[in-house]
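Just below is one structure, and these are the notes that go with it.
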Amino acid sequence: MSRTPIIAGNWKMHLDHLEAIQLVQNLAYHLERADYEASELVVCPSFTSLRSIQTLIEGDRLELRLGAQDCHWEADGAFTGAVSVGMLARLKVAYVLCGHSERRQLFGETDEITNRKVRAVLAADLSPILCVGETLEQREADRAGEVVLAQLRGSLADIGADALERMVVAYEPVWAIGTGRTATPADADEMCGVVRRTIAEDFGEPVADGLRVLYGGSVKPGNVAELMRRSEIDGALVGGASLDPEDFAVICRWHRL
Ligand code: PGA
């Protein structure tokens with residue numbers, strides 16, 4: 001089965017809405033039709049920039065898709081500071097990151113919380129990008145596969161195979177995020193394969209065949225092509241390098257490198 005690749009930029013807590021607009025304008029200037037045809041191109045700004053970027057995308061008819069970095073699982077209520085999936089859907093957000101390792105490590109989010117978010121995103125007909133990945137300690141103890149498998153099963157509890165059609169998983173080893181240390185393409189490919197096999201076991205081969213599995217962790221212009229050549233890797237979740245429009249444009253151009 002051929003899977004449409006995804007290149008997604010996760011801006012984290014960078015860029016105010018004016019800087020975000022500038023970045024997208026600059027990025028769009030560097031992108032060509034062939035780049036939009038080769039992959040779905042996604043940007044995930046902070047909540048305060050979503051509306052501005054949505055307006056820019058619509059006004060300039062850009063083919064970029066919008067992603068959010070997080071959400072709350074309830075539809076509404078007394079949850080000070082939280083943003084619901086319904087609010088994101090109204091801004092034409094297509095993707096929502098769930099369980100990013102920074103949410104897990106810095107905000108104490110568990111697989112159970114991630115699972116609630118994934119279910120809320122799926123229920124609203126949006127696509128979750130579920131992030132999983134082991135720490136350096138876990139990798140060195142030879143536990144990477146086991147950790148990723150447990151995160152996947154915990155985060156996908158009580159979800160039916162039908163709902164998984166829109167699901168995206170990002171394998172992001174924690175030790176490679178923001179460190180400049182990338183997993184080797186072979187290691188990244190192997191772990192993306194572990195993700196796909198687990199999904200095949202739990203939800204069946206057709207779901208696993210259609211599932212897009214991204215790699216994330218220090219993806220840069222210099223390593224993206226080699227990563228994308230691997231059969232189990234269907235795209236990249238890019239942090240640092242997505243903040244530079246020229247670098248991110250080169251990453252979006254992986255198919256021509
Ligand atoms: P990085 O971040 O590309 O800066 O390593 C990736 C991520 O956190 O999604």
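Read the numbers this way: they start at 1 and go in the same order the structure lists the ligands and their atoms. All values reported here derive from a predicted model rather than from experimental measurement. All residue numbers refer to positions in the sequence shown, counting from 1.
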* Report, in ascending order of atom number, the atoms of ligand 1 lying under 4.0 Å from any heavy atom of Gly240. => 1 (P), 3 (O), 4 (O)

* Can you tell me how far the CG atom of Leu227 sits from the NZ atom of Lys220, to the nearest 0.5 Å? -> 12.0 Å

* Asked: When you measure from atom 7 (C) of ligand 1 to every protein heavy atom, which one gives the shortest distance, and what is it?
  -> Glu172 OE2, 3.2 Å

* With heavy atoms of Gly217 as the reference, note each atom of ligand 1 found under 4.0 Å away. => 5 (O)

* What heavy-atom pair brings Val118 and Leu156 nearest, and what distance separates the two atoms? -> CG1-CD2, 4.2 Å

* **Sidechain-backbone polar pair: Thr179 side chain, Arg181 backbone, donor-acceptor under 3.5 Å** => yes

* For Ala241, is at least one N or O under 3.5 Å away from an N or O on ligand 1? -> no

* Below 4.0 angstrom from a heavy atom of Ser218, which ligand 1 atoms are there? Numbered from 1 as shown, please. => 1 (P), 3 (O), 5 (O)

* Looking only at N/O atoms, are Gly239 and ligand 1 under 3.5 Å apart anywhere? -> yes

* In ligand 1, which numbered atoms sit nearer than 4.0 Å to a non-hydrogen atom of Asn10? -> 9 (O)

* Taking atom types as modelled, is there a side-chain donor on Ser49 or Trp11 under 3.5 Å from an acceptor on the other? -> no

* Can you tell me how far the CG atom of Asp244 sits from the CG atom of Leu23, to the nearest 0.5 Å? -> 8.0 Å

* Structure fact -> The atoms of ligand 1 lying under 4.0 Å from a heavy atom of His100, numbered in the order shown, are 7 (C), 8 (O), 9 (O)

* Asked: Under 3.5 Å, is there a donor-acceptor pair between the Asn223 and Thr182 side chains?
  -> yes

* To do: Check ligand 1 against Ala176 and write out every atom of the ligand that is under 4.0 Å from a heavy-atom position of the residue.
  => 5 (O)

* Structure fact -> Gly178 heavy atoms within 4.0 Å reach ligand 1 at atoms 1 (P), 4 (O), 5 (O)

* To do: Would you kindly say whether Glu134 and Trp175 are connected by a side-chain donor-acceptor distance under 3.5 Å?
  => yes

